[in-house]
There are 2 protein chains.
Amino acid sequence: MKYIQTIPTCETCDLQKFSVFKHLTKIELANLSIDKGCNFFKRGNVLYNEGNRINGFYCVNQGVVKLVKTGIEGREQIIRFAQKGDIIGYRSILSKELACTTAKVIDDAVVCFIPASKLFGLVQNNNSFAMELMKLACKELGEANKFILDIAQKTVRERLAEVLMLLRETFGLDEDHVLQILLTREELANIVGTATESVIRLLSEFKSDKIIALNGRKIQFLNENTLIRLSNFYE
Amino acid sequence: MKYIQTIPTCETCDLQKFSVFKHLTKIELANLSIDKGCNFFKRGNVLYNEGNRINGFYCVNQGVVKLVKTGIEGREQIIRFAQKGDIIGYRSILSKELACTTAKVIDDAVVCFIPASKLFGLVQNNNSFAMELMKLACKELGEANKFILDIAQKTVRERLAEVLMLLRETFGLDEDHVLQILLTREELANIVGTATESVIRLLSEFKSDKIIALNGRKIQFLNENTLIRLSNFYE
DNA sequence: AAGTAAACATGACAAAAATCACAAAAACAA
DNA sequence: TTGTTTTTGTGATTTTTGTCATGTTTACTT
């Protein structure tokens, strides 16, 4: 964890245009920058731990953070990812509960920290912001509900196929159709909710079926339609 | 579905004291009652279907409603229950998405319907209400995340034990320790995320272990500590 | 009250997935 | 670079869970 020399100000941060902060006035943005902390975190760094009381929320400026819950015998379940423009920790502030996840950096990141008071201030004074925040929470809730259905009803193969497509949507592919996020097999297993060995086996199966190509942690998408079909996509 | 003669007004509704509406002024409550619909629904009635665009939200005055997502081959997954004082449908209004669940009555219910415009009006003009609503969404999100972990990592037996304890918390027991909600084995399976046969087998197992007693759909709790232990409860 | 449909129960079996054991490869640190 | 740790990969085995078949009981309908 390294202190950043030039703290990106919220006013000049181009991420705010697309984020939950998009309806803030110049003054509100300037005010947001005051008291704001900003740090650089390497892969493996933890922003906060499950069960912590956090007194602010985090805005990811660069890199990728995974939010995980720790279960039986320390086994992690990845709940979601946060990348540039995403905010994390706001749930536990708003519901006045302890953090329900651990936030761990998986791709070297620059993350800003904003005290809870600022969040409450904005909610009080800017209705559009309150609405945006609510929309965000409700969207996440919808996604969580969808995931509950999937994990309850789909096979591991279907879920892995679906997770690959979700990762594709979230992180995109480069010009060679290579997924723009590197995850260990264990991390993949911790999203899908299965054993690491199962992911390894299924990935090689997808590979021999020419659906994907593998090169270390790089996953190249060769046949997305089949992947969608394998995920038992409906609706 | 029967029209109620005497529509309960929001001002006189004693549920509002404990609900998300607790910070509304008398005037706001009176205003909420205008345009409000209120109906009686029998078990099996559907308030709205997954995929519907709903233009209002529902407040449960009496009875129990289950929120389900429909998955593979029509198999239902119960996401949550709503009972007296709970509101449903607000998620899809706030996130401006289609309903992500179907709301089905499982215990004869009186349910009020409030147009979306009223909700937006309150969010705009009453910051405490906006905060309450946010808190609610964030609390639900936390519960959903917890459930994802459970379903991903626990065995069916552990999940059933946990679900029984959750139902106990939500609906309570009578003086004979009988759970105050009647669910079919299939509905239990649709909460736990397993096959109906598995629930039947595990319930009889719990019964022969003297953890519960069964009488039709009535479940009597004989040994809650063992149930908690079986649920692999930690933290 | 009789007939029909739904829910409950149980056994046998099959499928899916976890676990264990171990080896090879890759990543990391000194 | 070398040694160490982590990650990846594979086979064998066991456990868990789902599916299918069938019979019984209970609830609902007319």
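Below, chains carry the letters A, B, ... as their sequence lines are ordered, and counting in each starts from 1.
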Derivation and outcome, salt bridge (charged side-chain N to carboxylate O under 4.0 Å, His left out), residues Lys42(A) and Asp108(A): CA-CA 4 Å; Lys42(A) 285 196 78 67; Asp108(A) 296 0; 3.4 Å; yes
Should Glu76(B) and Lys66(B) be marked as a salt bridge (charged side-chain N to carboxylate O under 4.0 Å, His left out) after you check the CA-CA gap, both sets of side-chain angles, and the distance that decides it? CA-CA 11 Å; Glu76(B) 289 181 355; Lys66(B) 66 176 175 182; 3.4 Å; yes
List the steps and the verdict of side chain to side chain contact (heavy atoms under 4.5 Å, CB included) for Gln180(B) and Gln83(B). CA-CA 12 Å; Gln180(B) 291 302 287; Gln83(B) 57 178 332; over 6 Å; no
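At least one side-chain nitrogen or oxygen of Ser204(A) sits closer than 4.0 Å to the OP1 or OP2 atom of dT10(D). Phosphate contact (OP1/OP2 of dG18(D), side-chain N/O of Ser198(B), threshold under 4.0 Å): present. At the phosphate of dC8(C), OP1 or OP2 sits under 4.0 Å from a side-chain N or O atom of Arg217(B). Between dA16(C) and Thr155(A), no contact under 4.0 Å exists linking OP1 or OP2 to a side-chain N or O.
Taken from OG1 in Thr70(B) to CG in Leu149(A), the straight-line distance is 8.0 Å, to the nearest 0.5 Å.
Contact of Arg201(A) with dG11(D) (side chain to base): a donor-acceptor pair of N or O atoms is detected under 3.5 Å. If you check distances only, the side chain of Arg157(B) never reaches the base of dT15(D) with a donor-acceptor pair under 3.5 Å. Side-chain atoms of Arg159(B) stay outside donor-acceptor range of the base of dT16(D), with no qualifying N/O pair under 3.5 Å.
Atom CZ of Arg157(A) is surrounded by 12 or fewer heavy atoms from other residues, nucleotides or ligands within 6.0 Å.
For the pair Ile106(A) CD1 and dA27(C) P, the computed distance is 17 Å after rounding to whole Å. Atom-to-atom, CG of Asn232(A) to P of dA16(C) comes out at 13 Å; the value is rounded to the nearest Å. Straight-line distance from the CD1 atom of Ile200(A) to the C1' atom of dT10(D): 9 Å, rounded to whole Å. Protein atom CG of Leu182(A) is 14 Å distant from nucleotide atom C1' of dA26(C), rounded to whole Å. The distance from atom CZ of Arg43(A) to atom C1' of dC28(C) is 13 Å, rounded to the nearest whole Å. Rounded to whole Å, atom C1' of dA18(C) lies 18 Å from atom NZ of Lys154(B). Rounded to whole angstrom, the span from the CG atom of Leu202(B) across to the P atom of dT16(D) amounts to 11 Å. Rounding to whole angstrom units, CZ of residue Arg185(B) and C1' of dA27(D) are separated by 14 Å.
Among the candidates Ile78(B), Val163(B), Ile219(B), Ile191(B), the single residue satisfying the side-chain contact (heavy atoms from CB on, under 4.5 Å) test with Leu183(B) is Ile191(B).
Across all strands, Thr194(A) comes closer than 4.0 Å only to sugar-phosphate atoms, never to a base (heavy-atom distances).
At distances below 3.5 Å, at least one donor-acceptor pair connects side-chain atoms of Arg159(B) with backbone N or O atoms of Lys154(B).
In this structure, Leu214(B) and Gly193(A) both approach DNA chain C, and ranking their closest nucleotides by distance from the 5' end singles out Leu214(B).
The listed nucleotides are dA17(C), dC8(C), dG18(D); the one nearest the side chain of Thr184(B) is dC8(C). When distances are taken from the side chain of Ala195(B) to each of dT10(D), dT19(D), dA9(C), the shortest belongs to dT19(D).
At a threshold of 4.0 Å, the pair Glu187(B)-Lys104(B) does not count as salt-bridged, since none of the basic side-chain nitrogens sits closer than that to a carboxylate oxygen.
In DNA chain C, the stems built from three or more successive Watson-Crick or G-U pairs (distances below 3.5 Å) are C:1-30 with D:1-30.
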